[in-house]
Amino acid sequence: MAYGHTVQSSKHPERFGKGEVAGVIGAETGSCAKEAGSLLPTLFFGVPGSSGMAIMLGAFLMLGIQPGPTMLTEHINIVWSLIWALVIANVICVFMLIAAGPWIGKLGTMKASFLIPYVLVFALLGCYLFGGNWQNLILVMVMGSLGYLFKRHDWPRAPFIIGVILGKIAEDSLQKAIAIFGAGFFFRPISLILIALILASIGFYLYRSRRPNKVSVPSHA
Amino acid sequence: MLEGRILVSGIMLLAFATAVGLSFTYAPEARFLPLVIGVPGLLLSGVQFIKELRERPAEPAVTPEEHKREGRMFAWFITFVVALVLFGFLYAGPALVAAFLYFSGREKWYVAVAAAAFAWVVLYGVFERFLGLPLFEGLVFQWLFG
């Protein structure tokens, strides 16, 4: 959308697709702007709105902060800090990148073989430092391999992250709901609507998989 | 050869079956949520597994050359993890950087050594000395020196 709008509002739309830098700036500005929107579901529902937010959720877990509606009551200072951090970081980044852009651009020409060993060592170091257990490295190997298999075969990976983040909230809430309403909780209007939506999404998937040529939607997480 | 998509479905089926099986060892209240998620998950992954088995083998998504490169990268990944677990970050980290650059990146030996030295400086200087984070010394060194 941002790219389309940039093309429409440009004085030289014929230059787009031929190296016009405004095409990159427009699309990337839209990409940065959506981060603020991604913050809402991340903070208040524990559902990451983007891959960057998924990493932030992981940081929340490390710090013992539980995302959810309580963020508005118990951790409102964190919410405001994050909002202002996003605003200030974006403003600072503009000046920093204008100054350092030519040098940062050279990173793109760097050979991947130089980056791979450093990224691997420091990523594994980060996993070790979380808890200080060497077993974390084995866990990374297993989960990393599984994640790669998932990516290769079009299985979504986001539900795993959502499960890790929302698992505790879901369990607490389910136990409370059962304690208050008993088994009738599953037959309340909101529960029935949600169950119907889940069944409809499963039904749609089965319908789509039986008629792959008529409706085809890529299934990337 | 076992197709990847069947393998992934099988892993998910096994994971849900294990979760459901394990949940029966919990107290009745504690097993409720694992069953609410596990039973539908088991059914759906079962359906997916059967669907994958019945479908015709998919066209290979990657070329044999890409497949080889993928295998090499997996081998390196596992080497990194195993070496770090055995010999720790301070010794295995720089050695792995040098080995990767020399054997996989086809860099000159002095470039690989310089990159390894840089890795050691960052690991020791920044993490151990400056940040004061004790790095894992490796199972072999733990065993040798207690």
*Asks:* Would you indicate whether A:Met110, at its atom CE, is surrounded by more than 12 heavy atoms from other residues, nucleotides or ligands within a distance under 6.0 Å?
*Replies:*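 Enclosed.
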*Asks:* Check each atom of A:Leu125 against the heavy atoms of chain B and say whether the ones under 4.5 Å are side chain, backbone, both or neither.
*Replies:* both
*Asks:* What pair of heavy atoms forms the shortest contact from B:Phe89 to A:Val121, and how long is it?
*Replies:*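 That would be CE2-O, 3.9 Å.
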*Asks:* Which heavy atom in B:Met12 sits nearest to a heavy atom in A:Phe150, and how many Å separate them?
*Replies:* SD-CZ, 3.3 Å
*Asks:* If you compare all heavy atoms of A:Tyr128 against all heavy atoms of B:Pro134, which two are closest, and at what distance to 0.1 Å?
*Replies:*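 In terms of heavy atoms, the two residues are closest at CE2-O, 3.8 Å.
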*Asks:* Relative to the ring of B:Phe127, is the ring of A:Phe122 parallel (under 30°), tilted (30 to 60°) or perpendicular (over 60°)?
*Replies:* parallel
*Asks:* Look at the side chain of B:Glu29 and the backbone N and O of A:Gln175, then say whether any donor-acceptor pair between them is shorter than 3.5 Å.
*Replies:*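 No; judged by distance alone, with no hydrogens or angles, the pair does not exist.
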*Asks:* Counting only non-hydrogen atoms closer than 4.5 Å, does A:Leu124 touch chain B with its backbone (N, CA, C, O), its side chain (CB onward), both, or neither?
*Replies:* both
*Asks:* Could you tell me which portion of A:Ile178 (side chain, backbone, both or neither) has an atom closer than 4.5 angstrom to a non-hydrogen atom of chain B?
*Replies:* side chain
*Asks:* Quick check: are there more than 12 heavy atoms from other residues, nucleotides or ligands sitting under 6.0 Å from CG of A:Leu197?
*Replies:* yes
*Asks:* Please state whether the side chain, the backbone, both or neither of B:Ala92 comes within less than 4.5 Å of a heavy atom of chain A.
*Replies:*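 For B:Ala92, neither part sits under 4.5 Å from chain A.
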*Asks:* Apply side chain to side chain contact (heavy atoms under 4.5 Å, CB included) to residues A:Phe114 and B:Val111 and explain how you reach the verdict.
*Replies:* CA-CA 10 Å; A:Phe114 260 100; B:Val111 175; 3.5 Å; yes
*Asks:* Under a 4.5 Å cut-off applied to non-hydrogen side-chain atoms, are B:Val81 and A:Val140 in contact?
*Replies:*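 SC-SC contact between B:Val81 and A:Val140 ruled out.
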*Asks:* With chain A, which of B:Leu44, B:Leu96, B:Leu101 has the greatest number of heavy-atom pairs at distances under 4.5 Å?
*Replies:* B:Leu101
*Asks:* Picking from B:Ser104, B:Ala115, B:Gly105, which has the most non-hydrogen pairs under 4.5 angstrom with chain A?
*Replies:*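 Most heavy-atom pairs under 4.5 Å with chain A: B:Ala115.
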*Asks:* With side chains defined as the heavy atoms from C-beta onward, is the minimum distance between B:Trp76 and A:Pro117 less than 4.5 Å?
*Replies:*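 Heavy-atom side-chain distance check fails, nothing below 4.5 Å.
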*Asks:* Look at the aromatic rings of A:Tyr118 and B:Phe118 and report parallel, tilted or perpendicular, splitting at 30° and 60°.
*Replies:*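 Perpendicular, since the angle between the ring planes exceeds 60°.
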*Asks:* For a side chain to side chain contact (heavy atoms under 4.5 Å, CB included) check, start with the C-alpha distance between B:Ile11 and A:Leu149, then their side-chain angles and the critical distance, and finish with the verdict.
*Replies:* CA-CA 10 Å; B:Ile11 290 170; A:Leu149 268 177; 4.2 Å; yes
*Asks:* Between B:Ile78 and chain A, with a heavy-atom cut-off of 4.5 Å, which part of the residue counts as in contact: side chain, backbone, both or neither?
*Replies:*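 It is both, since atoms from each part get that close.
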*Asks:* Is the number of heavy atoms from other residues, nucleotides or ligands within 6.0 Å of NZ (B:Lys51) greater than 12?
*Replies:*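 Atom NZ in B:Lys51 is packed in, count exceeds 12.
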*Asks:* If I compare all heavy atoms of B:Glu107 with all of A:Ser113, which pair ends up nearest, and what's the gap?
*Replies:*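 It is OE2-OG, 4.1 Å.
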*Asks:* Tell me, out of B:Leu135, B:Val82, B:Ile37, B:Val36, who's got the most heavy-atom pairs with chain A below 4.5 Å.
*Replies:*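 Going by pairs under 4.5 Å, I would pick B:Leu135.
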*Asks:* Does any part of the side chain of A:Trp155, heavy atoms only, come nearer than 4.5 Å to the side chain of B:Gln48, both counted from C-beta?
*Replies:*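 In contact.
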*Asks:* Based on non-hydrogen pairs under 4.5 Å, which of B:Glu55, B:Glu70, B:Met73, B:Arg106 is most in contact with chain A?
*Replies:*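 Among the listed options, the one with the most contacts to chain A is B:Glu70.
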*Asks:* Does B:Phe77 CZ have over 12 foreign heavy atoms under 6.0 Å away?
*Replies:* yes
